[in-house]
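Below: one structure, written as structure tokens.
In each ligand, atom 1 is the first atom listed, and ligand 1 is the first ligand listed.
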Amino acid sequence: MNITIAGAGAMGSRFGLMLHEAGNQVVFVDGWKDHVDAINKNGLQVNHDGVEKVVKIPAYLQDQVPSDFKSDLIILFTKSLGLEGMLHSLKDTIDKDTRVLCLLNGFGHDEKIKKYVPEENIYIGNTMWTSDLEGPGKVKLMGWGTVNFKNWVPGHEESAHEIAKVLSDAGLGAEYTENILEVMYKKICLNATLNCMCALLECNAADFGDTSTAHTILTDIITEFAAVAKAEGVNLDAQEAIHFIETKAYNRETLGLHYPSMHQDLIQNNRLTEIDSINGAIAKKGRKYGIPTPYSNLVTNLIHAKEELRKAK
Ligand code: NAD
């Protein structure tokens, strides 16, 4: 399959590499010039579960994509703030046969994608894979993950299954997932607690978990999310989501020493965060359904204040 990875950062590089190694024709499109130049000059340098390798995959700078360039599938892996710019850059390459899969964390991406892609070609979900971008052209891939997604409008299930097979054949463990909203709500609980708190408190997940207030913070935020989910007909079990975080994410032997992506963006790299697609998106949904979301509002505003103080870009 001809596959464009739109946003070839940590996650895009992982998916691009694994799909390339499975025999697909993969092309990277990215907005970071140093990264694109490094990939084209030296290849993508990968540490994959401790194995070092260099892989040649063509990369285009996003404002230099040839207009006759076509792909069967575009996998979107920008950060949420880069999504619309990427779609705009690719708009002339998207036709009625181009399927677009969005695996960004958070909610609200469909609103942007719908401006550029016919709804019947949109597939949305998320992934439990992780990756680290160590510098231009250099990624570190560890562990194991899954992908869950479905077609955005009914009637395209067969096509979703076909895409899932291509991803699974590449070892990405993809599943067509009927209850995708439930899966996305569960994932956003993790992003909306650990990501924000580790960025605000400038700590890793384990150190946050050791604080005496961690459980109360998780409970306040996730209970609010469960109320919003309910308004959308989604059963989000708040206790189960809290238990998952407390038993899996704080463990110093596994994930606990990890600095979540919002910490990496804001504290380590002074980049703007995805907060508006995470806690901010729940606050927006709350306003739509008339459900108060004071914790989501507060956390969103605190992160924006911190972005301003740090002059993040
Ligand atoms: P990323 O920050 O690694 O890459 C996103 C974009 O930012 C890419 O275009 C990349 O080239 C650019 N970029 C990265 N560092 C830059 C720098 N220093 N200067 C300029 N540009 C830079 O993002 P990601 O981690 O691949 O995440 C993509 C999406 O996947 C997000 O929605 C994220 O929340 C989600 N996600 C990430 C992970 C993870 O482990 N990284 C796991 C699951 C989901």
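Both Leu87 and Trp152 sit in one connected hydrophobic cluster of ILVMFWY residues. Membership requires side-chain heavy atoms under 4.5 Å apart, directly or through other members.
For Asn301, there are no side-chain contact (heavy atoms from CB on, under 4.5 Å) partners at least two apart in sequence or on another chain. Residues meeting the salt bridge (charged side-chain N to carboxylate O under 4.0 Å, His left out) test with Asp265, sequence neighbours left out: Lys79, Arg271.
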Under 3.5 Å, sequence neighbours excluded: what are the donor-acceptor pairs made by side chains of residues 209-221?
from, atom 1, to, atom 2, distance (Å)
Asp210, OD2, Arg252, NH2, 2.8
Thr211, OG1, Phe208, O, 2.7
Thr211, OG1, Ala214, N, 3.3
His215, ND1, Glu246, OE2, 2.6
Thr219, OG1, His215, O, 2.7

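For ligand 1, the 4.0 Å heavy-atom shell takes in Gly9, Ala10, Met11, Asp30, Trp32, His35, Phe77, Thr78, Lys79, Leu104, Asn105, Thr127, Trp129, Thr130, Ser131, Leu133, Lys187, Arg271, Glu274, ordered by chain and residue number.
No donor-acceptor contact under 3.5 angstrom links the side chains of Asn204 and His263, judged on distance only. Defined by atom type and a distance below 3.5 Å, a donor-acceptor pair is present between the side-chain atoms of Lys187 and Asn105.
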